[in-house]
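Read the structure below first, then the notes.
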Protein chains: 4
Amino acid sequence: MKGRNVLRAVVVWLVGVAPVAAEVRQAIHFPDLPGYRTLKCDLHMHTVFSDGKVWPTVRVDEAWREGLDAIAITDHIEYLAHKAFVTADFNAAYEIALPRAKEKNILLVKGVEITRDTPPGHFNLLFIRDGAPFNTADIFAVFDRAAQQNAYVMWNHPGWRQRPRWGEVQSRLAERKQLKAIEVCNGDEYYPEAFQWAIEKNLAVIGCTDIHDPSLSPAPTPALHRTLTLVFARERSLEGLREALEAGRTLVWFENCLMGREQYASAMFDACVRIHPPHHRTRDRLHVEIENASELNIELERIGDAGPAKITLPARAISLVEIALPTGDPPPLAYRTRNFLIGPDRPLPVNLSIPAAGK
Amino acid sequence: MKGRNVLRAVVVWLVGVAPVAAEVRQAIHFPDLPGYRTLKCDLHMHTVFSDGKVWPTVRVDEAWREGLDAIAITDHIEYLAHKAFVTADFNAAYEIALPRAKEKNILLVKGVEITRDTPPGHFNLLFIRDGAPFNTADIFAVFDRAAQQNAYVMWNHPGWRQRPRWGEVQSRLAERKQLKAIEVCNGDEYYPEAFQWAIEKNLAVIGCTDIHDPSLSPAPTPALHRTLTLVFARERSLEGLREALEAGRTLVWFENCLMGREQYASAMFDACVRIHPPHHRTRDRLHVEIENASELNIELERIGDAGPAKITLPARAISLVEIALPTGDPPPLAYRTRNFLIGPDRPLPVNLSIPAAGK
Amino acid sequence: MKGRNVLRAVVVWLVGVAPVAAEVRQAIHFPDLPGYRTLKCDLHMHTVFSDGKVWPTVRVDEAWREGLDAIAITDHIEYLAHKAFVTADFNAAYEIALPRAKEKNILLVKGVEITRDTPPGHFNLLFIRDGAPFNTADIFAVFDRAAQQNAYVMWNHPGWRQRPRWGEVQSRLAERKQLKAIEVCNGDEYYPEAFQWAIEKNLAVIGCTDIHDPSLSPAPTPALHRTLTLVFARERSLEGLREALEAGRTLVWFENCLMGREQYASAMFDACVRIHPPHHRTRDRLHVEIENASELNIELERIGDAGPAKITLPARAISLVEIALPTGDPPPLAYRTRNFLIGPDRPLPVNLSIPAAGK
Amino acid sequence: MKGRNVLRAVVVWLVGVAPVAAEVRQAIHFPDLPGYRTLKCDLHMHTVFSDGKVWPTVRVDEAWREGLDAIAITDHIEYLAHKAFVTADFNAAYEIALPRAKEKNILLVKGVEITRDTPPGHFNLLFIRDGAPFNTADIFAVFDRAAQQNAYVMWNHPGWRQRPRWGEVQSRLAERKQLKAIEVCNGDEYYPEAFQWAIEKNLAVIGCTDIHDPSLSPAPTPALHRTLTLVFARERSLEGLREALEAGRTLVWFENCLMGREQYASAMFDACVRIHPPHHRTRDRLHVEIENASELNIELERIGDAGPAKITLPARAISLVEIALPTGDPPPLAYRTRNFLIGPDRPLPVNLSIPAAGK
């Protein structure tokens, strides 16, 4: 009764690792929040029109395959690595990618990256109408024109190659309320100072890839996903995205961690984790299943008196937890989790509440 | 910006294939049906108490890890391969496994396998109280005692090593309405005749592993899952399971296929496949996303005039489908799918209906 | 004793599928042949300089990562899909890619693809000095100039979108002994007629990707590798590659199959498969381990009297084979294998000879 | 040209993680040392005959599948968890497993585990003739009988559940030169004190699984393999294994690390790592490929002046390394590697020597 099974298994065994399949869309599993759709967004990426290595449509194909809802192609204005061969055109990447984005149901944000030495550093201008006017040396002229186009201004990778510094341009933009967002994570870099500024100065917390090469991201796992931003939007549209970004309703997904404001981190934790009523009770122990619907391997550390010292909830799986208890109802289980950061080194506190067994 | 990413990638690359993780429960994704919970069941397996190779608790651990809801350990009465070393005890496997089943929230059905030369072949007696009385030579005494214990009788692997034959014992059991179920699939074998009898004679359609070795099933994929039975129960309990089995509310998951009665196949298809409103419309084409929430790679073949000749919906993914259309509303899209068999070589016909773009 | 193991396992489990790691070179396991190095080559690919989607250096990065030894970038002369934005320059892709190829130890062949309606179809000119002269309407002028540059001429995908036809241009090239090679496999297409012509007309048997998008090939497995050509060269250099191509010392790796001339198929089979002396002998059975050092899942079918009817040798694994035997020395075991095709539908015959147990 | 590819990719994509294939033997890639075969050994495991969960033949099947050469089944004498159902027989597990071991070409060492409270703790007696005489309360009688049977004595998991203590029994055994080996690693535990004693007291350095459940080890990767011992034997036979164990020619493979005496660690490093002659030289840089033939992700840290500060050599892959150099011949590159420990916290120093480019 096993010949065929073995053959089948052998075939797959030899296949070894699973492929990046061109035409299957992977789902990224972070649930919606009450009242909001959770849009998965990467708002910083490059193509051959600056120093990237791919044609603009590739960014759309990758986004669809990897389960994203929205992307911005943000080629540099000031750094055109391939200009010996590729026309300097600050609108071309968007125009080439747009028809594909419509076919693939990807929200495509028009953008550019302002690329200056630090300070002031690099900035994304998003939701622009025309990229050409930003090709000017005067940085203040750039931001004036950004204002004219009602661009959404984001400060990129503040700690790239140096310690983050809040400079004069940043102050000026903040005064004018023109700086709306800050890249707390860029690719595999994380800038705690930027996270702190985001919280203090009321900027949207953003994470992006800043990808230049083709994406080889194989799967949305805790270790291997692309760095991205979850945006909590009233609807899945460019307008919905813009409104949510203006309101700062975001969390960054970086490595095995979500980072952002406490209210969204807390709402997301509640949306991800479901504790079942105990299915078994022995003299002094409850046996409980806990579901984790998210892509994070959630690690919980006890901060109260009751419950196991640590609880691990693997991503998108059900875990079995034994809770030693005296008699009576389970006491509140107070924990914190480093997977949900509400500030630099500030893990989210959570209360696990076990439903009554009646169900 | 990529050093760390590469290191991380390298680490995982070298990990190569993913493990069978001991303590994570994999979910098997087949949705519930309206009014019913979908229980994933394997009602035929062995331990060292007959000719299996594992201690009974291992079957519970495997079941939990692989996302099952219910199992039956069904050691042979007449074939005790290890009797030189292991006590002949027709209740021991159940009693040893039961405490673990309670801890792990697995429904454990008490059973035995009656093991005779063909005809009549092998039968599982399920939901028994005591295995000892079945250790008797007289096959009719066995079934009388089964009736006394209100056992659920299933005919096992009718085509094992020979062409299936409906024999005298089967006829007798059917007359007495004592035969309730038939194994249409056993491990990697499929018996079309048994499927036909199940439909004609109103027997529950069952698929099992009949596993003897440790389970190495790595994941619930179209190619690699264990053969099992989906049972549509009013509640997740032994009583709920029994009632659903009596009522024949089952589908068998075998390779990349579900098999069973049309009403359940059809309800399951509807529960698995969700067609989104078109997100893009060009002159003569609709662009539609179709979600497949199940573990099957669904293959659709057009039987009507409209729509692509074939549509592939990979398991648990969203697919992009282009539908060439004249003007106006999309016509009904008539297909059939060999992934849902409602009889031997009888694919389920389905109608794909595209929602209006209003969302 | 298992807590940490489980955590580790969980982490990897969640990682799920393995990544395409950017900076690790995968080895493709096909052994060298006596006297020759086995070079893994893909001699047909595109970049943004025609209708491809990547910058030329990406092709080198992919080749290194995927274990190739040699590539040719062969952008179309006549079809410049991105000419509104990318300069028409028939040498640029090579010149841009060359420094990276040197760093990564990839042999980079300079080439172009002549792109005409069928007949005559498309041709690769390889080992050229200058691409510009081929930008002319007169197809015969093209081949004259190819001869002046001592180009290696290959007929591409003869069966693309239609039945292969040996046309007037092909005849003329053959007369002049200028046609040296033919693409028997292109991406996931295979053209049996082309294979037959290769054998009859003494052309090198070639397989390529003709890749336009970024490569997502995750691993060199039987099911998922890129289509490529094994070239048996006296040394790993451009000169060695050219000499071997001129001599027709090639096999194509397509899906789970090698295709080519019998002498190379036979030598490769011998290099891949090693039969160990029997490690165990029972009354009428030999137990033998057989190693398969290649990336193919080799399937052997018995054509003689002795040995199992079928033997499966999974890729890069050791298989255990039981051979029922009378007494005395094992008789010759005559098989054939569809994994090594020496013509359309012509499997290679092989003799398995079991070494004496002395070892 | 891509339809079929996509379908194929989709099929595999959905397969997701790779399986533990029942009948394919995975190779563990650690090369032989000059003059010695590298045997992969797990000398500590359990079955239903003590407190294990599998029938003895399962241990052979697992060993073959996972690429081992030799195992010892070492059921407890004093702890028979299943004695209510399984006969107390201290030879049965060996006798049941032996025929399967012969078929599968696994060297099966007969053994038992002496299981006492700490001190003295647990000991494996290996290469015994008869297990029954060890079933006696007097620990000294046990070791006298072990001597009569010429058993190889190994101290098991010295740090299990407590800090390792060298007790009176250990001293007595050492005086009599009867203690030959010590488990430095057991499952996922590592005991640095035991490693120190092994080096000081000239005991063989051993690592084992002590496995009780079925093995779910999916692949011999740095993160997921079973803990085992590499034994450097003159021949692959029980005699060869015994001689090598007596001589202490071993290394333990634990997580991403080999541990043992310097001479074997050093010889293994040299056998694993091959530096190619530079393939490219720019003004001040050599470009070199380094092959790592082993299952370790080797991490090198510079201790000299020349070369990169860190070099990572992923398992079974070729890495590209750039070495900044003045002019002239490369200086010696002095590194150390924590993947090869020659004592607790003592990384092996290595010299990387780059061959001349002539090859």
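Numbers restart at 1 for each chain; the letters A, B, ... are given by sequence-line order, proteins then strands.
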Heavy-atom contact with chain C under 4.5 Å, split by part of A/Thr47: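 No part of it gets close to chain C.
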Do [X] and [Y] come within less than 4.5 Å of each other through their side chains, counting heavy atoms only?
X        : Y       : answer
A/Leu216 : C/Arg65 : yes
C/Val48  : A/Phe85 : no
C/Asp213 : A/Trp55 : no

Of the listed residues (A/Asp89, A/Asn256, A/Ile96), which shares the most heavy-atom pairs with chain C below a 4.5 Å separation?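 The answer is A/Ile96.
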With only heavy atoms counted, which part of C/Ala84 is less than 4.5 Å from chain A, the side chain, the backbone, both or neither?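 Backbone of C/Ala84 only, per the 4.5 Å heavy-atom cut-off to chain A.
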A/Val58 and C/Lys53: side chain to side chain contact (heavy atoms under 4.5 Å, CB included), yes or no, with the steps? CA-CA 7 Å; A/Val58 171; C/Lys53 305 294 178 54; 3.5 Å; yes
